[in-house]
Each structure stands twice: as structure tokens, then as C-alpha cells.
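See below for the structure under consideration.
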Amino acid sequence: MELTHPDKVLFEDGRVTKGELAAFFEAVREPLLRFARGHVVFVKRYPEGTGGKGFFQKNLPEYAPEWMKAVDLGKWKKARYTIVEELDTILWWVNQDAIEFHLVPLRAPDFKYVRYMVFDLDPPEGMPFAEVRDFALAIRPVIESFGYATCVKPSGKRGAHIYCPLEPRWTAEEVFAAAKEVGEAILERFPGHTLDPRAERGPHSILVDILRNHPFQSAVMPWSTRAVPEATVSLPLTWESFGKMESPKEFTVRTVPSWYARHGDAWADFAEKAGPLHTSGKR
DNA sequence: GCCAGCC
DNA sequence: GGCTGGCAACGCGTG
DNA sequence: CACGCG
């Protein structure tokens with residue numbers, strides 16, 4: 001994939017260019033594709049860089065080349081969604097100034113069953129990262145008490161994501177219902193936080209967003225960059241590495257390639273950890 | 001970044 | 001030819 | 001009932 005304007009600055013801090021962004025994705029192609037291949041991907045594009053206005057794009061435009069793989073998932077509307085097939089899928093979108101990649105947890109070829117459950121931990125404005133980090137560490141045993149494996153990563157902005165790999169045998173409706181039970185158990189154990197995105201929140205109240213599990217909702221792709229001037233990355237980590245994090249700015253387009261070369265892919269065994277839904281007694 | 005619609 | 005606006009859409013809460 | 005927004 002040759003880029004049209006590789007020297008165009010997309011991230012103001014450090015003047016990271018489109019070409020560097022593409023080189024970043026090439027450096028992490030192996031773990032990125034291991035996770036994302038076959039998934040429906042939505043993008044957030046910033047033609048004027050992270051300082052400008054961005055927009056979410058779900059449909060693959062007509063002007064995209066033939067080789068960009070798409071699927072019609074016409075549930076309520078005839079939509080042509082991009083499927084991650086090769087790294088060029090990502091790079092073609094990079095050339096369109098896509099900075100953030102969001103995955104729907106459905107995978108080719110059936111696009112029927114969900115591959116993971118997501119807990120998106122969203123801190124209120126001004127909360128230090130250490131406080132969200134410690135909350136993630138604290139709720140881990142609650143989630144695991146339902147029998148799930150847990151994988152953690154910084155969101156790349158201010159929060160964190162916990163993914164539970166699932167055997168692909170349940171629909172989004174079923175997974176959401178199960179996530180709601182887990183969320184309620186978290187709130188019971190740690191009152192003062194919330195599951196409601198519209199709730200009025202105090203300075204120590206974290207939103208445990210389970211709505212990412214609703215049908216056709218998406219969540220930030222592991223290894224995706226985020227649209228902040230520092231070019232941070234939502235880097236899959238071990239719980240041990242995550243527990244040492246002090247700031248999401250530790251992991252950027254500039255630092256992650258060497259970090260990956262040294263530490264490898266913390267989520268390499270994601271698929272092997274897949275388990276059943278805890279509500280699936282009678283299957 | 002690219003297109004369609006409008007001036 | 002140049003400028004501008006769109007490029008998502010669920011479920012609930014408010015006027 | 002039409003929008004506004006997270």
C-alpha cells in the first residue's frame with residue numbers, strides 16, 4: 001500500500017506522520033492480525049490530524065478498491081462493512097487518515113457469534129490513571145469468579161478495557177445479558193461506581209460500560225492508535241505489566257514497536273483461553 | 001481524503 | 001472551478 | 001412527538 005502523503009502530520013505532539021503511523025502498524029502486524037483478522041472494523045478518521053474534527057465511518061465507500069474485503073450485514077439497513085483481511089486493509093484506511101480502529105466482536109465467516117465480552121472502564125474527568133488501573137485490578141477477581149479468563153489493556157485515552165475471550169457460541173444479546181450480571185456483581189462489591197453512562201458521576205465514580213456488548217456495538221481494537229496528540233496505543237498487556245503502568249502515555253506509536261520486540265504479544269493465547277458464557281447452563 | 005451537491 | 005457538508009445510528013431522556 | 005446526546 002503506497003500512501004499518498006506520507007509526510008502529512010497526523011499527530012501534533014512529536015509531529016508523527018501518516019508514514020510513521022503506517023510503519024507502526026507494519027511493526028505490529030503479526031499480533032494485530034492474530035487478533036483482528038476476520039472482524040468487522042469501523043474507523044475514526046482525522047483528515048486534519050488529531051487537532052481537527054474527526055468522524056466515525058462504518059461503511060466502506062464505493063471508491064475503495066476491489067481487494068478491500070467487505071460484507072453486507074443488512075440487519076436494519078444495507079451496509080457494506082470492512083473486514084480485516086490483510087495489513088493492507090488497515091493501511092488503506094490509514095491512507096484515508098483513519099487513526100482509530102474499532103472492532104465489532106463478530107468474526108468471519110458466519111458473523112453470528114461473539115468472540116469476547118468487554119468491560120470498558122471509563123474514569124471521570126480528572127481521575128489519575130493509577131485510580132482506574134487499581135479499580136481494574138480490584139474487579140478482576142469478581143469477573144474471574146464467573147469463570148471467565150480476563151485480558152487487560154489501557155484504552156489509550158484515560159481508561160482501560162478488560163476482555164473475556166468466549167467460545168463463539170453465543171449471540172450479542174446473550175453476551176450482553178451475561179455482562180449485565182457480571183456488572184451488577186461488580187457494583188455490589190464496589191458501590192459508588194456505575195453501569196449507567198448517563199448517571200451523574202462524582203470524582204471517584206468509574207463507569208463500567210457494558211453497552212459495548214450490545215449487538216453491532218464496537219470497541220477499540222487491540223493495537224489501535226488513539227486520536228490524541230501523543231499518538232498513544234491501546235496495547236494488550238499482561239496483568240503484571242498493566243499493574244505497573246502509571247500513564248497511558250507510556251505506550252505510543254514511537255515506544256510500542258521496541259516494547260513489542262522485547263516483550264512479545266501478551267494476548268497471544270487469547271483464543272486458547274476462550275470459555276463458555278456463565279449463563280449457559282443448559283447447552 | 002474523497003465525493004456529491006451547489007453556487 | 002471552488003466551496004461545503006457528509007462520512008454512525010442505539011436507546012433513552014428531555015422540551 | 002421530535003430531537004439531543006452519551
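These numbers were taken from a predicted model, which means no experiment stands behind them. Every chain is numbered from 1 and lettered A, B, ... according to where its sequence line falls, protein lines coming before strand lines.
Protein atom CG of Leu211(A) is 11 Å distant from nucleotide atom C1' of dC12(C), rounded to whole Å. Residue Gln217(A) contributes atom CD, which lies 9 Å from atom C1' of dA9(C) at whole-angstrom precision. The separation between Lys180(A) atom NZ and dG11(C) atom P is 14 Å, rounded to whole Å. In this structure, Lys58(A) atom NZ and dG6(C) atom C1' are separated by 15 Å, rounded to whole Å. One interatomic measurement links the two molecules: CG of Leu195(A) to C1' of dG11(C), which rounds to 16 Å at whole-angstrom precision. If you measure from atom CG of Asp209(A) to atom P of dG6(D), you get 13 Å, rounded to the nearest angstrom. Atom CG in Asn213(A) sits roughly 14 Å away from atom P in dG11(C) (whole-Å rounding). Remark: P of dC2(B) and CH2 of Trp92(A) are 8 Å apart, rounded to the nearest angstrom.
Nucleotides dG4(D) and dG6(C), compared at atom P, are 13 Å apart to the nearest Å. A gap of 24 Å separates the C1' atoms of dG5(C) and dG6(D), to the nearest Å. When the P atom is used for both dC3(B) and dA8(C), the distance is 15 Å, rounded to whole Å.
In this structure, Lys44(A) reaches neither bases nor backbone, as no heavy-atom distance under 4.0 Å exists between it and the strands shown. Among the heavy atoms of the strands lying under 4.0 Å from Pro47(A) is at least one base atom, whether or not backbone atoms are also near.
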Determine, stepwise, if the pair Glu131(A) / Arg158(A) fulfils salt bridge (charged side-chain N to carboxylate O under 4.0 Å, His left out).
CA-CA 11 Å; Glu131(A) 199 169 330; Arg158(A) 297 179 316 103; over 6 Å; no

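In the set dA9(C), dG6(D), dG11(C), the nucleotide with an atom closest to the side chain of His214(A) is dG11(C). Nearest nucleotide to the Tyr63(A) side chain, out of dC2(B), dG6(D), dC10(C): dC2(B).
Under the 3.5 Å distance criterion, the side-chain polar atoms of Thr232(A) are matched with a main-chain donor or acceptor of Gly156(A).
With values rounded to the nearest 0.5 angstrom, His161(A) atom NE2 is found 6.0 Å from Tyr163(A) atom OH.
The only member of Thr171(A), Val175(A), Leu166(A) that meets side chain to side chain contact (heavy atoms under 4.5 Å, CB included) when paired with Tyr113(A) is Thr171(A).
Between dA8(C) and Asn59(A), a contact under 4.0 Å exists linking OP1 or OP2 to a side-chain N or O.
With salt bridges taken as basic N to acidic carboxylate O contacts below 4.0 Å, none links Arg115(A) and Glu167(A).
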